Amino acid sequence: MPELPEVENARQVVEKALDRTISDIDDHDEYECRPHRPGEIKHALVGGRLTAAHRRGKAMWCETETADGAEGPTLGIHLGMGGRVIVTAPEGEDSSDYGGGNAKIGVRKKDKPEWTRFSMSFDDGGQLRLFDKRRLGRVRLEPDIDALGPDAAEITREEFRSMIAASKAPLKARLLDQNAIAGIGNLLADEVLWQTSLSPSRRSNSLSESDADELRRVLRRCTRSAIRKGGVHTGEIIPYRNADSNCPRCGAPMKRGTVGGRTTWFCSKEQG
DNA sequence: ACTCGTGTTAGCTG
DNA sequence: TCAGCTAACACGAG
């Protein structure tokens, strides 16, 4: 699930964990906490607290403060292919606004306790947990955020134009390149390309400036809409990403291919 | 049993 | 040299 909109919703959940004293951390999962050794993250953060939650593209990170009030290491959280963050309320407090009961971002019925790959306990009895059955998510100290391109929801028109013009890779592959523009995943890429009727395999630098401007407008609109509705799966073309579907705009069959190494669905007529 | 996948990245290639 | 591509990652779901 996690593309930019899901991660933004997760970031808002993490804000519920700010300014609560960290009493314990379980960081024993060797995959999720790579490259750290078990106990390393725990040692760095116990006694301190998270003071701010940020996001760029699909990457999240928290600023921290140590027990004596000094600046602590940043804590990066990446959800990978299927991670979710859960923050529970202080013991005895109403949990209704903590996201814990929200199936879109919180606990789901089929979740197994062992899919909790990382957890942080607070001295108020609450917890921050990372749920990730596939273990492609990551929790790490001092993540490199600067390597990412501009956030897809914030990128300026000039930045977007030059990013598009700077590569001859297939357009969809360019949109998926997190170092060029951060936050677009496979579904959001299919959605914006269908909305603009642009071919996924067209060379990125073959777009005109007005094509690029239109693509950026649609990208911003789809991103905002997905954040509001709860995720990229709420996109218009997503239900039509299968072999039996026809383009809801022109009626031609939807077609499956591979672009940028990812399954790609597009209108065989309008995006051919 | 076997294939697929809403993300990232090391390592290969032209 | 380096942009671009592929396979691998880990593991549940269909």
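Since the model is a prediction, treat every value here as computed from it, not as a measurement. First the proteins, then the strands, lettered A, B, ... as listed; each starts at 1.
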* Is there a side-chain contact between A:Leu130 and A:Val139 (heavy atoms, below 4.5 Å)? -> yes
* Asked: CD of A:Glu3 versus C1' of B:dT8: gap in Å, rounded?
  -> 14 Å
* Stem segments of DNA chain C by first residue number [Watson-Crick or G-U, under 3.5 Å, at least 3] -> B:2-5 with C:11-14, B:7-14 with C:2-9
* To do: Would you mind checking if A:Arg174 and A:Asp177 are paired as a salt bridge, meaning a charged N to carboxylate O distance below 4.0 Å?
  => yes
* P-based separation of B:dG11 from C:dA10 [nearest Å] -> 15 Å
* For A:Arg56, all residues meeting salt bridge (Lys or Arg N to Asp or Glu O under 4.0 Å), sequence neighbours excluded -> none
* Asked: For residues 136-144 of chain A, which residues have at least one heavy atom under 4.0 Å from DNA chain B?
  -> A:Leu136
* Does a nitrogen or oxygen in the side chain of A:His78 sit under 4.0 Å from OP1 or OP2 of B:dT8? -> yes
* Structure fact -> note: A:Arg34, atom CZ; B:dT8, atom P; distance rounded to Å ~ 15 Å
* **Check: A:Arg134 side chain, B:dG7 base, donor-acceptor under 3.5 Å** => no
* Asked: Are A:Lys42 and A:Asp27 close enough for a salt bridge, meaning some N to O gap below 4.0 Å?
  -> no
* Under-3.5 Å donor-acceptor pair between A:Arg262 side chain and B:dG5 base -> no
* Measure from CG on A:Asp29 to P on C:dC11 and round the result to the nearest Å. => 8 Å
* **Spacing between A:Asn179 atom CG and B:dT8 atom C1', to the nearest angstrom** => 10 Å
* Pairing of A:Arg241 and A:Asp190 as salt bridge, 4.0 angstrom limit -> yes
* Is it true that the side chains of A:Thr74 and A:Glu142 contain a donor and an acceptor less than 3.5 Å apart? -> yes
* Could you give the CG-to-P distance, from A:Asn242 to C:dG14, as a whole number of Å? -> 15 Å
* To do: For the residue pair A:Ser210 and A:Asp213, confirm or rule out a side-chain donor-acceptor distance under 3.5 Å.
  => no
* For B:dC4 versus C:dT6, give the span between their P atoms, rounded off to a whole number of Å. => 16 Å
* **Short side-chain N/O contact from A:Gln178 to OP1 or OP2 of B:dG7, under 4.0 Å** => no
Using the 3.5 Å cut-off, write out each protein N or O paired with an N or O of nucleotides 12-14 of chain B and the distance between them.
none

* A:Arg249 and A:Ser197 side chains, donor-acceptor separation under 3.5 Å -> yes
* A:Lys58 has an atom NZ; how far is it from atom P of B:dG7, in whole Å? -> 4 Å
* Short N-O contact, A:Glu15 and A:Arg11, less than 4.0 angstrom -> yes
* Looking just at side-chain N and O atoms, do A:Arg221 and A:Gln195 make a donor-acceptor pair shorter than 3.5 Å? -> yes
* Could you state the atom-to-atom distance from CG of A:Leu79 to P of C:dA10 in whole Å? => 19 Å
* To do: Run the salt-bridge test on A:Arg161 and A:Glu209 with the 4.0 Å N-O cut-off and return the result as yes or no.
  => yes
* Asked: For A:Ser201 and A:Lys172, does a side-chain donor sit closer than 3.5 Å to a side-chain acceptor?
  -> no
* Salt-bridge present (A:Asp29, A:Arg138; N to O < 4.0 Å) -> no
* Asked: With distance as the sole criterion, do the side chain of A:Arg135 and the base of C:dA10 form a donor-acceptor contact below 3.5 Å?
  -> no
* When you measure from the side chain of A:Arg117 to the backbone N and O of A:Asp132, does any donor-acceptor pair fall under 3.5 Å? -> yes
* Nearest-angstrom distance from the residue atom CZ of A:Arg117 to C1' of C:dA10 -> 9 Å
* Asked: In the hydrophobic cluster built from side-chain contacts under 4.5 Å, what are the other members alongside A:Leu4?
  -> A:Ile227
Identify all pairs in which a protein N or O lies below 3.5 Å from an N or O of nucleotides 4-6 of chain C, and state each distance.
unit_1 : atom_1 : unit_2   : atom_2 : d
C:dG4  : OP1    : A:Ser167 : OG     : 3.1
C:dG4  : OP1    : A:Lys168 : N      : 3.0
C:dG4  : OP1    : A:Ala169 : N      : 3.2
C:dG4  : OP2    : A:Ser167 : OG     : 3.2

